[in-house]
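Okay, so here's the structure we're looking at.
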Amino acid sequence: MSEHFEEQEFNTDKLDTGLWKKIFKLLWVHKKKLAVLYFFMIMVATVDVAFPYLNKMAIDTFISGNGDLSQLPWFALAYFACILAQGINVYYFIKQAGLIEMDFAYDVRNRAFKKLQELSFSYYDKTPLGWIMARVTSDIGRLAEILSWSLMDLVWGSSVMIGITFVMFSVNWRLALLVLMVMPVLAAISVWFQKRILKSYREVRKVNSKITGAFSEGITGAKTTKTLVLEEINYGEFNALTHDMRAQSIRAAVLSAIFMPIVMSLGSISTAAILWYGGNQVLLGALQFGTLMLFTQYAGQFFEPLRQIARLLAEFQMAQASAERVLSLLSAEPQIVDTPEVIAKYGTVLNPKREAYEKIKGNVTFDHVSFHYNPEEPVLRDFSLDVTSGQTIALVGETGSGKSTIVNLLCRFYEPVSGKILIDGVDMRERSIGWLHSNLGYVL
Ligand SMILES: Nc1ncnc2c1ncn2[C@@H]1O[C@H](COP(=O)(O)OP(=O)(O)OP(=O)(O)O)[C@@H](O)[C@H]1O
Ligand SMILES: [Mg+2]
């Protein structure tokens, strides 16, 4: 059956805002938890920005010797309070992000499972099992991870960058400009590399899932392999896959290896510029030593959030395929549904009104039924059949002649294109799917 099915190719070239809007709607259910998480992330960022500033105060006030040492205990207390606060912040943000990740995955998996209960048999008939499995397990997991941890990094990263920029400009705008000078280059390089690194990792994952598939085929199909002497061919195919995986993994590693030194060199350039310009200023007495220290620290600190944000943008692009797959499952509509009148009388599959179910006698009539799975390939043409209760019949015909199709229609897994099927003289569409299925037995 899976040969009738083709996996959609998802567009991952640019961000699809409409799609992410729908995903964020699913996330919005957890808005209170998100607010708590982002509060703690902003607190973490604030303390991250405050530490170098406290160091500057320590150097300029206490170490350089022209300050008032009696204030030292208060300063030590403030420093200690910052450390303590950061400990508490880190505890809460990790807990909160984990909570959101699990809650989101739990919630979406439940929705997906409920949807799978509602979908018609034809959905399962057309959709490969592996496809459904991937959606309810890894795709939902990926989304949950990116929506909790990566978004959190974005909040932290932008808060740190805004905080540092603000403090730098209020302390010394010339030095601030020197630090910010290399940032656009750094940002461009980061985005370029992160995109490619993540793409390689994605390829690795893709090949990895093919390898897992090949393994399971190799094991479950061992009998076929042996009888058809396919060992050599199988081994060749498997070898090609592992080769692919090796090549992609090396590519990812090489890209990361090039990326880091470039970034570190650029970072050193901005530190060097600060030391050169700021150092001269210190020698001239126009700048305090602690301020120089502050800027060298900030120059180093600025990069990490930048890298996180670049990674995040690439990640969102990659996760878009997962998002599309999850949404396509959640928005799938059952092809065979009861009419509103039938639902009012008999209830739904998940909420049946069993007291309204009539007792079945078991007379079955196919009344001029025509049916096809694909319009080009008619399976039944003007088919009529009467079976009375208690009668045993056997359908005989060559393979592909439509025997199973007749049973599928009787089970209402599919509906006739024209004509109707009556049970005890009543069109089966006038009673609910739940009623029909609770009166059916099917032995495979
Ligand atoms: N899910 C499907 N989608 C598209 N075409 C289908 C599907 N299931 C069956 N068909 C096609 O419908 C025709 C009738 O198939 P059906 O399974 O009813 O035959 P059958 O008589 O039960 O054969 P067999 O003896 O092999 O079980 C075949 O041409 C088959 O290829
Ligand atoms: Mg059959």
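Order of listing sets the numbers, starting from 1, for every ligand and every atom in it.
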If I apply the N/O under 3.5 Å rule, does [X] come out as touching ligand 1?
X	result
Thr405	yes
Gly400	yes
Val379	no

- [ ] Check each of Glu398, Glu377, Lys126, Lys403 against atom 20 (P) of ligand 1 and report the one with the nearest heavy atom.
- [x]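 That would be Lys403.
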Task: Option whose closest heavy atom lies nearest to atom 11 (C) of ligand 1, chosen from Tyr373, Phe413, Phe121, Phe371 - done: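 Of the listed residues, Tyr373 has the closest heavy atom.
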So, [X] versus [Y], ring centres under 6.0 angstrom or not?
X	Y	value
Phe121	Phe413	yes
Tyr442	His437	no
Phe215	Phe238	yes
Phe51	Tyr79	yes

Open item on the list: At a threshold of 2.8 Å, where the distance has to be below it, does the Mg ion (ligand 2) have an N, O or S atom of Ser404 nearby?
Closed with: yes
Taking a cutoff of less than 4.0 Å between a non-hydrogen atom of the residue and any ligand atom, is [X] in contact with ligand 1?
X	value
His372	no
Ser401	yes
Tyr414	yes

TODO: Run the numbers for me: atoms of ligand 1, each under 4.0 Å from some heavy atom of Asp125, listed by number.
DONE: 1 (N)
Task: Contacting atoms of ligand 1, where contact means under 4.0 angstrom from a heavy atom of Thr399 - done: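 That gives atoms 23 (O), 24 (P), 25 (O), 26 (O) of ligand 1.
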Open item on the list: Tell me if a side-chain donor or acceptor on Thr225 pairs with a main-chain N or O of Leu230 at a distance below 3.5 Å.
Closed with: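 Between the backbone of Leu230 and the side chain of Thr225 there is no qualifying donor-acceptor contact (under 3.5 Å).
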TODO: Fit a plane to each ring of Tyr373 and Tyr414, take the angle between them on a 0 to 90° scale, and name the class: parallel (under 30°), tilted (30 to 60°) or perpendicular (over 60°).
DONE: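 Answer is perpendicular, since the angle exceeds 60°.
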Check: residues 107-115 side-chain donor-acceptor pairs under 3.5 Å, at least two apart:
| from | atom 1 | to | atom 2 | distance (Å) |
| --- | --- | --- | --- | --- |
| Arg109 | NE | Val136 | O | 2.6 |
| Arg109 | NH2 | Thr137 | O | 3.0 |
| Lys115 | NZ | Ala332 | O | 2.9 |

Open item on the list: Using salt bridge (Lys or Arg N to Asp or Glu O under 4.0 Å), reason through Lys361 and Asp424 one step at a time and then give a plain yes or no.
Closed with: CA-CA 6 Å; Lys361 283 207 277 303; Asp424 296 336; 5.1 Å; no
